[in-house]
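One structure below.
Computed from a predicted structure; not experimentally measured.
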Amino acid sequence: MAKEYRTIQEVTGPLMLVSGVENVTYNELGEIELANGETRRCKVLEIDEDRALVQLFEASTGINLEHSKVRFLGHAMELGVSEDMLGRVFDGMGRTIDGGPEIIPEKRMDINGLPMNPAARAYPSEFIETGISAIDGLNTLVRGQKLPIFSASGLPHAQLAAQIARQAKVRGTDEPFAVVFAAMGITFEEANFFQESFRQSGAIDRTVLFVNLANDPAVERISTPRMALTAAEYLAFEKDMHVLVILTDITNYADALREISAARKEVPGRRGYPGYMYTDLATMYERAGRQRGKKGSITMIPILTMPEDDKTHPIPDLTGYITEGQIILSRDLYRKGITPPIDVLPSLSRLKDKGIGAGKTREDHSATLNQLFAAYARGKDAKELMVILGEAALTDTDLLYAKFADEFEKRYVSQGYQTDRSIEETLDIGWDLLRMLPRSELKRINDKMLDKYYEKK
């Protein structure tokens, strides 16, 4: 039986100080019993000799220092896992909120997980098809990769996240594929959008949803992605599934981290975020990957809204250091009606070369990718020149490239949120666009490939 303490010294905001404790450890879970019999949960943030600083999961109202008692449970926060989680919706504490029966767990797992030993990691090399040309064709997602989406407030990252969750699949394999979707600090309307989107398309059957609303406690926001990753580790490494984890919105998570850090009166770092934010984000991101000798894998797409559209803000900045590239959404493309508004030039997938080519996508993928990038970049330059000097100052070739850039945005990047393109369709659209340019301009593709694909009308 856990020992009870009636030694609550003070309560300040979400924090509570308990004295006279014995054998209590960092991150341990606790229960507070109020005078009226109500129980609330907390976790240990700090131990100083016989004093424990704990953080409350619910509000501190109604806690009477004299008549409330605290029990420490001897373990960190855990999630009960089982294959029955697929198709279900949970809150940020791992409780079911979809009106269905409680999950009967096969086992309970610590939500903090264990970082993967670098020596045990297998190199990501298998192509994941999202059905979105701007990702599949130009910034390819590879199984076991961490590829964040950098968005900004008001841009449709929720629609893009839902589209990826609905459409993503590993090609050429019948191995089971699951999606773990964690939403942090979102509105009720957004939560409803995600649930309805998955239900209507039938994707809910292979999806585990964790939903933390904006009015839920900040500390629950900290546990939501860890709950999701624990579910993903169980499905991937114990049930041999390919798991795609989508976390939205990391900015809300980091803001909750800052809020709790401020309550603890810690010395703030850049923009008021705690100095350990890099480490904290890394403990989440590094749980993705593939392990040698195990069939399953975790691929991660964290989504974050850049405050003030600033790529140098600490959240996108630190995320960029830890992950393997980024997909950037553009406000200019969004204004033009391009959906999804993915800006392919500053976007980058550092592992794209590993997941494309003969036997994975198609032999012409690498060459067309490079040629499309080069032609689009030149087309954008030509359009900028046109604004400054006027159309008359451009050569015929430059005008052709400017037209190419417009068509590329309209036909290749813009596809709406319901279109699911195969990689072959994406590559064929690329060739269609490249045929707008004279063959002599396609210097990044060899003659053999040009004979086979460029001449094919």
Side-chain angles (χ1 to χ4, degrees), residues 1-2 24-33 38-44 55-58 71-116 165 175-184 191 194-195 198-199 203-213 216-217 219-247 283-284 287-289 291 294-300:
M1 181 69 189
V24 173
T25 56
Y26 171 71
N27 250 345
E28 191 173 331
L29 213 54
E31 276 181 356
I32 305 148
E33 192 178 316
E38 182 193 341
T39 59
R40 294 182 192 170
R41 296 209 284 177
C42 60
K43 80 167 181 179
V44 178
Q55 181 167 359
L56 306 168
F57 287 126
E58 290 96 355
R71 273 188 303 275
F72 292 102
L73 305 180
H75 59 78
M77 200 185 296
E78 293 175 333
L79 176 67
V81 290
S82 122
E83 276 191 83
D84 297 337
M85 297 176 84
L86 290 164
R88 301 297 302 275
V89 185
F90 301 85
D91 68 4
M93 302 292 285
R95 298 173 292 224
T96 55
I97 53 170
D98 54 5
E102 288 294 313
I103 297 285
I104 297 169
E106 192 178 293
K107 63 187 290 193
R108 303 193 73 82
M109 293 172 71
D110 182 342
I111 67 161
N112 296 301
L114 287 170
M116 222 183 281
E175 290 172 49
F177 187 84
V179 176
V180 176
F181 194 100
M184 296 157 275
F194 287 128
Q195 290 178 46
F198 295 156
R199 281 202 179 97
I204 188 84
D205 296 338
R206 58 165 193 170
T207 305
V208 186
L209 260 94
F210 289 86
V211 176
N212 165 263
L213 298 175
D216 288 333
V219 66
E220 194 175 301
R221 209 151 299 150
I222 303 291
S223 69
T224 307
R226 290 180 168 79
M227 289 278 175
L229 285 160
T230 305
E233 283 170 348
Y234 168 76
L235 293 172
F237 303 129
E238 300 201 15
K239 297 296 170 187
D240 294 339
M241 291 185 173
H242 302 310
V243 183
L244 175 65
V245 178
I246 299 176
L247 306 175
T283 57
M284 287 196 316
R287 288 169 77 173
Q291 287 186 13
K294 297 203 175 171
K295 288 182 186 170
S297 63
I298 298 176
T299 307
M300 189 189 290

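By the salt bridge (charged side-chain N to carboxylate O under 4.0 Å, His left out) test, R206 is found to be paired with no residue, residues two or more places apart in sequence or in another chain being considered. D216 meets the salt bridge (charged side-chain N to carboxylate O under 4.0 Å, His left out) test with no other residue; sequence neighbours excluded.
The shortest distance between side-chain heavy atoms of F210 and L79 falls below 4.5 Å. Considering only heavy atoms from C-beta on, R88 comes within 4.5 Å of P101 through its side chain. E106 is listed as a side-chain neighbour of K239, based on a closest heavy-atom distance under 4.5 Å. The shortest distance between side-chain heavy atoms of E58 and M93 does not fall below 4.5 Å. Contact of the V179 side chain with the F198 side chain is not registered, since no non-hydrogen atoms from C-beta on lie closer than 4.5 Å. Looking at H75 and R108, their side chains never come closer than 4.5 Å, going by heavy atoms from C-beta outward. L235 is listed as a side-chain neighbour of L86, based on a closest heavy-atom distance under 4.5 Å. In this structure, the side chains of H242 and T299 stay at 4.5 Å or more apart for every pair of heavy atoms.
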Table please: side-chain donor-acceptor pairs of residues 224-233 below 3.5 Å, with sequence neighbours left out.
residue : atom : partner : partner atom : Å
T224    : OG1  : E220    : O            : 2.8
R226    : NH1  : I222    : O            : 3.1
R226    : NH1  : Y253    : OH           : 2.7
R226    : NH2  : Y253    : OH           : 3.3
R226    : NH2  : D280    : OD1          : 3.4
R226    : NH2  : T283    : OG1          : 3.4
T230    : OG1  : I111    : O            : 3.2
T230    : OG1  : R226    : O            : 2.7
T230    : OG1  : R287    : NH2          : 3.1
E233    : OE1  : R287    : NH2          : 3.1
E233    : OE2  : R287    : NE           : 2.9

- Verdict with supporting geometry, F194 and V211, side chain to side chain contact (heavy atoms under 4.5 Å, CB included): CA-CA 10 Å; F194 287 128; V211 176; over 6 Å; no
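With rounding to the nearest 0.5 angstrom, the CE atom of M300 is 11.5 Å from the CD1 atom of I246.
Summarising the geometry of T207 relative to L209, their closest heavy-atom pair is CG2-CD1, 3.4 Å, with the distance given to 0.1 Å. In plain terms, the two heavy atoms of C42 and F57 that are nearest each other are N-CD1, 3.6 Å.
No donor-acceptor pair under 3.5 Å is formed between the side chain of N27 and the backbone N or O of A76.
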